[in-house]
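What follows is one structure encoded as structure tokens, with my remarks underneath.
Side chains included, hydrogens not; waters and symmetry mates left out as well; all remaining heavy atoms used. Numbering of residues begins at 1 and proceeds along the displayed sequence.
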Amino acid sequence: MSHAFWLTNVRLDSGFETGHDGVVHTTSEICHLRIEDGKIVQISSANEPLDTTLPTEDAKGLLALPSFVEKHNHLDKTYAGATWKSCLPPKKLIDRLEFEATEMPAITGTTTQRAEAMLQWLLQGGATHVRTHVNIDPYIGLKNLEGVRTALANFSDRMTYEIVAFPQQGLLRTQASSLMRQAMKEGATLVGGLDPAGIDNELEGSLREMMDIAVEANADVDIHLHDPGTLGFYTIKRILDLTEEAGWHNRMAISHAFALGDVSVEESTEMAERLSRLGTMIMTTVPINRAMPPVPILHEKGVRVALGYDGFYDSWSPYGTGDMLEKLNRLVERYRWVDERSLVQSLFFITGGKTTLDKEGNRAWPKIGDEASIVFAESSCSAEAIARRSRRAAVIFKGKIVHGALDRVDGKGKE
């Protein structure tokens, strides 16, 4: 049975104009959107009378943005929904891994509840898709995967998801290969990896084992790479070599990839061109305490860059809210994207590549046929929403309100 209604009085970005002061401004207009079976099927100006018998949801001038995509998270680690506590400061990464190896088995019984609390935070911020990494190691086996899968299934009417089987304690270091293979049979959708040199101390063997598991499972890959400098840069080179060897074009992602920010502009530009040719994604959490991948260079060369909140409020960090607009705000501030066009275009990094306007100011979203997954912000335009981290009043997923509320008026029949 078809389900249709109108979203009325929705504010949409409509273009750019230059003011008398020389500053570019975003213009907007109020529109009505007809939603049918989870898609936008009609867009009309609010200046035109709306004669309909369908139900309506009145946005009352709230700004519509494409819903957000969270591309790097750890649902199984969070303390969300539990009693507050901060972190034990680590001396180095291996110390944190040893602490987690003792903590994780003690909290696996609450994985589903904690993951659901984090998912609710993500949702109220506007995210309707999440890629989560889930620890797979000898200390907890597949227990975290089971708990996270349950949480995601409970939220499947509110968001879509991907699950990365993540050997947090090291793929070779803890001989986790058999568990990883089992995880790929029991609900994980991507193969993960972790610092093949820095943690496994066997760069070639670790990378090849990760790729073997991916090829066997016919799954995409998302590897954590924290190793900096020359070591990290060489590791990226070898990841791309194996990507070519396996024919894994458009199926590889490198999370963090700090080393791309440790080398010269010439080196990072050359690597960006190769990343682009192979369709390899870069996921960044926009760190404030170390070098990060040069997002402007990567984006200019056509590399798909996406933001993730990473873990928040867990044994690694007490900071954060899961709000992807907050993460984007950090990115634009870091690169001093202060003009209107740059702010609008930055939406790309938290929406799976969508922006409300293209570089010339033509409407790029929404268009007829687009999925009706929408964030409603208290803002005049997308640039303001990003710069000011505007409050989100409601979120719609595939035509269904999944957070907040709009004013509803029931129709008198069917069109």
Discussion item. Restricting to ring pair (Phe, Tyr, Trp, His ring centres under 6.0 Å), what partner residues turn up for W121, sequence neighbours left out?
Written reply: F312
Discussion item. Regarding E340 and T26, do their side chains bring together a donor and an acceptor under 3.5 Å, going by distance alone?
Written reply: yes
Worksheet item: Are K71 and E162 within salt-bridge range, i.e. N to O under 4.0 Å?
Response: yes
Discussion item. Quick check: closest heavy atoms across P287 and F258, and the distance to 0.1 Å?
Written reply: CG-CE2, 3.8 Å
Give the table of side-chain donor-acceptor pairs shorter than 3.5 Å for residues 295-305, with sequence neighbours excluded, one pair per line with atom names and distance.
| from | atom 1 | to | atom 2 | distance (Å) |
| --- | --- | --- | --- | --- |
| K301 | NZ | E273 | OE2 | 3.2 |
| R304 | NH2 | G279 | O | 2.4 |

Worksheet entry | Side chains of V69 and I350 in contact at under 4.5 Å (non-hydrogen atoms) | no
Worksheet item: Are the side chain of R251 and the backbone of N218 linked by a donor-acceptor contact shorter than 3.5 Å?
Response: yes
Worksheet entry | Ion pair D407/K60, N-O distance below 4.0 Å | yes
Practice prompt. Check whether any side-chain heavy atom of W248 sits under 4.5 Å from a side-chain heavy atom of V221, and report yes or no.
Written response: yes
Worksheet item: So, for L325 and D323, which heavy atoms are closest and what is the spacing to 0.1 Å?
Response: N-OD1, 2.9 Å
Discussion item. Given 3.5 Å as the limit, does a donor-acceptor pair link the side chain of S276 with the main chain of A272, or not?
Written reply: no
Practice prompt. Drop me the distance from R392's CZ to R389's CZ, to the nearest 0.5 angstrom.
Written response: 9.5 Å
Discussion item. Let me confirm one number: the CZ-CG distance from R11 to L62, rounded to the nearest 0.5 Å.
Written reply: 9.0 Å
Practice prompt. Please confirm whether the backbone N or O of G147 pairs with a side-chain atom of T112, one donor and one acceptor, at under 3.5 Å?
Written response: yes
Discussion item. Under a 3.5 Å threshold, yes or no: a donor from one side chain and an acceptor from the other, between S44 and H32?
Written reply: no
Worksheet item: Taking 4.0 angstrom as the limit, do R363 and E29 come out as a salt bridge?
Response: yes
Fill in: Check: A387 main-chain N/O paired with N329 side-chain donor or acceptor under 3.5 Å
yes
Worksheet item: Are K237 and D241 close enough for a salt bridge, meaning some N to O gap below 4.0 Å?
Response: yes
Discussion item. Do T18 and V23 make a side-chain contact, defined as non-hydrogen atoms from C-beta onward lying under 4.5 Å apart?
Written reply: no
Discussion item. Classify the ring geometry of H224 against H226: parallel below 30°, tilted from 30° to 60°, perpendicular beyond 60°.
Written reply: tilted
Discussion item. Between T108 (side chain only) and N144 (backbone N and O only), is there a donor and an acceptor less than 3.5 Å apart?
Written reply: no
Item to complete: Inspect the contact between E216 and R181 and indicate whether a charged nitrogen and a carboxylate oxygen are less than 4.0 angstrom apart.
Response: yes
Worksheet, complete the sentence: Correct closest heavy-atom pair for K398 and S373 would be N-OG, 3.0 Å
Worksheet item: Considering residues at least two apart in sequence or located in another chain, which fulfil the ring pair (Phe, Tyr, Trp, His ring centres under 6.0 Å) criterion with Y313?
Response: Y79, W84
Worksheet item: So, are R114 and E116 salt-bridged, with charged N and O less than 4.0 Å apart?
Response: no
Fill in: Heavy-atom check, side chain of V148 versus side chain of T111, under 4.5 Å
yes
Discussion item. For S206 and D200, which I'm curious about, is there any donor-acceptor pair between the side chains at under 3.5 Å?
Written reply: yes
Worksheet item: In chain order, what residues pass the ring pair (Phe, Tyr, Trp, His ring centres under 6.0 Å) check against Y234, with sequence neighbours excluded?
Response: none
Fill in: I396 side chain near V402 side chain, heavy-atom distance below 4.5 Å
no
Worksheet item: For D262 and F233, what are the C-alpha separation, side-chain angles and deciding distance, and is it a side chain to side chain contact (heavy atoms under 4.5 Å, CB included)?
Response: CA-CA 8 Å; D262 289 330; F233 197 72; over 6 Å; no
Worksheet item: Under the 3.5 angstrom rule, does the side chain of T355 hit a backbone N or O of V344 as a donor-acceptor pair?
Response: no
Worksheet item: Looking only at heavy atoms, which two atoms of L331 and W337 are closest? And how far apart?
Response: CD2-CZ3, 3.8 Å
Item to complete: Using distance alone, with no hydrogens and no angle criterion, decide if E209 and S177 have a side-chain donor and acceptor under 3.5 Å apart.
Response: yes
Worksheet entry | Donor-acceptor pair between E70 and N73 side chains, under 3.5 angstrom | yes
Worksheet item: Looking at CD1 of I199 and CZ of R173, how far apart are the two atoms once the value is rounded to the nearest 0.5 Å?
Response: 6.5 Å
Worksheet entry | Contacts of Y161 that satisfy ring pair (Phe, Tyr, Trp, His ring centres under 6.0 Å) - sequence neighbours left out | none
Worksheet entry | N-O pairing of E244 and R274 below 4.0 Å | yes
Item to complete: Indicate whether any N or O donor in one side chain lies under 3.5 Å from an N or O acceptor in the other, for S382 and D13.
Response: yes
Worksheet item: Can we say D370 and K39 salt-bridge, meaning some charged N sits less than 4.0 Å from an Asp/Glu carboxylate O?
Response: no
Worksheet item: With a 4.5 Å limit on heavy-atom distance, are the side chains of I236 and I254 in contact?
Response: yes
Worksheet item: Salt-bridged, E204 to R238, with N to O below 4.0 Å?
Response: yes
Worksheet item: With no hydrogens and no angle check, is any side-chain donor or acceptor of T243 less than 3.5 Å from a backbone partner on I239?
Response: yes
Discussion item. Other residues, nucleotides and ligands only: do more than 12 of their heavy atoms fall within 6.0 Å of CD on E333?
Written reply: no
Worksheet item: Going from CD on E146 to CD1 on I140, what distance comes out if it is rounded to the nearest 0.5 angstrom?
Response: 11.5 Å
Discussion item. Check whether N9 reaches the backbone of A59 with its side chain - one donor and one acceptor, N or O, closer than 3.5 Å.
Written reply: no
Fill in: Stepwise side chain to side chain contact (heavy atoms under 4.5 Å, CB included) check, I136 with L142
CA-CA 6 Å; I136 305 295; L142 303 184; 3.9 Å; yes
Worksheet, complete the sentence: Taking every heavy atom of Q345 against every heavy atom of L357, the minimum-distance pair comes out as NE2-O, 2.7 Å
Fill in: Contact check, side chains of D76 and H74, non-hydrogen atoms, under 4.5 Å
yes
Discussion item. For a side chain to side chain contact (heavy atoms under 4.5 Å, CB included) check, start with the C-alpha distance between V10 and F376, then their side-chain angles and the critical distance, and finish with the verdict.
Written reply: CA-CA 9 Å; V10 179; F376 291 94; 4.1 Å; yes
Worksheet item: So H133 and F166, would you call those rings parallel, tilted or perpendicular, with 30° and 60° as cut-offs?
Response: perpendicular
Item to complete: Look only at the side chain of S264 and the backbone of E267, and say whether a donor-acceptor pair between them is shorter than 3.5 Å.
Response: yes
Practice prompt. Quick one: pull up OG in S28 and CG in L12 and give me the separation to the nearest 0.5 Å.
Written response: 8.5 Å
Worksheet entry | side chain to side chain contact (heavy atoms under 4.5 Å, CB included) partners for A197, two or more places apart | L203, D227, L231
Worksheet item: What closest approach, in Å, do G193 and M210 show between heavy atoms, and which atom pair accounts for it?
Response: CA-SD, 3.9 Å
Worksheet item: How long is the gap from CG on L145 to CE on M184, to the nearest 0.5 Å?
Response: 9.5 Å
Worksheet item: Would you find a donor on one side and an acceptor on the other, under 3.5 Å apart, between the side chain of R341 and the backbone of K359?
Response: yes
Worksheet item: Is any side-chain heavy atom of L75 less than 4.5 Å from a side-chain heavy atom of L152?
Response: yes
Discussion item. R334 vs R336, test: side chain to side chain contact (heavy atoms under 4.5 Å, CB included). Steps then yes/no.
Written reply: CA-CA 6 Å; R334 176 156 185 157; R336 293 292 297 162; over 6 Å; no
